[in-house]
Participant: 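This structure is in structure tokens; I'll ask about it shortly.
Order of the sequence lines sets the chain letters (A, B, ...), proteins ahead of strands, with each chain counted from 1. All values below were derived from every heavy atom in this structure, side-chain atoms included, with hydrogens, water molecules and symmetry-related copies excluded.
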Amino acid sequence: MSWNLVYRFVKRIPRGCVVTYGQLARALKLPGGARTAGRAMFACPSGRGVPWHRVVGAGGRILIREPHASLQRRLLESEGARFDGLRINMAEHQWKPGRSAKKTGRGSRR
DNA sequence: CATCTGACGACCG
DNA sequence: GCGGTCGCCAGAT
């Protein structure tokens, strides 16, 4: 399967934003849904500029196991994402395709 | 070819 | 909030 599409999609996720596996699956119409998205990320090539850490589970939960979970969280926090316990603040960081060119709109600077 | 497993999500009790 | 079940697909053994 050409996870290439998935990687490309993930690559365009702006810094400080995240998407869920389900979202990813829906956006790319992956057969099998979120599961397939997960598979794609599992096979995600490291060191290719693929911000895999910006892909989280439904509700902003990190589903992967250690030690990657800690790494992912660390990377996200490093990008300015705020975590609420074991969850990332989806309301603020969930990225929606098509909004990339959207203006910052509200004084969300920084 | 049969079986198991795995970065999931939604539902139900 | 937590744990169990089901659907669903691809790759590995």
Participant: Considering only residues two or more places apart or on different chains, which pairs with a residue in residues 16-41 of chain A satisfy salt bridge (charged side-chain N to carboxylate O under 4.0 Å, His left out)?
Facilitator: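 Matches after skipping sequence neighbours: none remain.
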Participant: Sort me out a list of protein N/O and nucleotides 5-7 of chain C N/O pairs below 3.5 Å, or just none if empty.
Facilitator:
{"unit_1": "C:dG7", "atom_1": "O6", "unit_2": "A:Arg35", "atom_2": "NH1", "d": "3.3"}

Participant: For A:Phe42 and B:dC8, give me the distance from atom CZ to atom P, rounded to whole Å.
Facilitator: 10 Å
Participant: Going by salt bridge (charged side-chain N to carboxylate O under 4.0 Å, His left out), name the pairs with one or both residues in residues 44-61 of chain A, residues two or more places apart or in two chains.
Facilitator: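 Passing the test, one end in residues 44-61 of chain A: A:Arg54-A:Glu79.
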Participant: Whole-Å distance between B:dG6 P and A:Ile62 CD1?
Facilitator: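 In whole Å, B:dG6 P and A:Ile62 CD1 are 19 Å from each other.
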Participant: Rounded to the nearest angstrom, tell me the gap between atom CG in A:Leu76 and atom P in B:dA7.
Facilitator: 18 Å
Participant: Categorize A:Gly57 for me: base, sugar-phosphate, or nothing, with a 4.0 angstrom heavy-atom threshold over every strand shown.
Facilitator: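 The residue A:Gly57 makes sugar-phosphate contact but no base contact.
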Participant: Specify the separation, in whole Å, of atom CZ of A:Arg54 and atom C1' of B:dA7.
Facilitator: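 My rounded result for the distance is 17 Å.
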Participant: Could you list the protein-to-nucleotides 10-13 of chain C atom pairs, N/O on both sides, closer than 3.5 Å?
Facilitator:
{"unit_1": "C:dG11", "atom_1": "OP1", "unit_2": "A:Met1", "atom_2": "N", "d": "3.2"}
{"unit_1": "C:dG11", "atom_1": "O4'", "unit_2": "A:Arg39", "atom_2": "NH2", "d": "3.1"}

Participant: Taking only residues at least two apart or on different chains, which pairs with a member in residues 66-76 of chain A satisfy salt bridge (charged side-chain N to carboxylate O under 4.0 Å, His left out)?
Facilitator: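 Pairs touching residues 66-76 of chain A that pass the test: A:Arg73-A:Glu77.
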Participant: Has the side chain of A:His53 got a donor or acceptor atom that lies under 3.5 Å from a matching backbone atom of A:Leu75?
Facilitator: no
Participant: Quick one: does any side-chain atom of A:Gln23 pair with a main-chain N or O of A:Ala34 as donor and acceptor, under 3.5 Å?
Facilitator: no
Participant: How many Å lie between CG on A:Leu30 and P on C:dC8, as a whole number?
Facilitator: 16 Å
Participant: Could you tell me how the ring of A:Trp95 sits relative to the ring of A:Phe9: parallel (under 30°), tilted (30 to 60°) or perpendicular (over 60°)?
Facilitator: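 Rings of A:Trp95 and A:Phe9: tilted, 30 to 60°.
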Participant: Which residues pass the ring-ring contact (aromatic ring centres under 6.0 Å, His included) test with A:Tyr7, sequence neighbours left out?
Facilitator: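 A:Tyr7 satisfies ring-ring contact (aromatic ring centres under 6.0 Å, His included) with no residue once adjacent residues are dropped.
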Participant: Given atom CG of A:Leu28 and atom P of B:dA7, what is their separation to the nearest angstrom?
Facilitator: 20 Å
Participant: With a 4.5 Å cut-off on side-chain heavy atoms, are A:Val55 and A:Thr20 touching?
Facilitator: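 No, too far: nothing below the 4.5 Å cut-off.
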Participant: Walk me through whether A:Trp3 and A:Thr36 qualify under side-chain contact (heavy atoms from CB on, under 4.5 Å).
Facilitator: CA-CA 9 Å; A:Trp3 302 129; A:Thr36 306; 3.5 Å; yes
Participant: Atom CZ of A:Arg65 and atom P of B:dG6: how far apart are they, to the nearest Å?
Facilitator: 7 Å
Participant: Between C:dC8 atom C1' and A:Leu24 atom CG, what is the distance in whole Å?
Facilitator: 16 Å
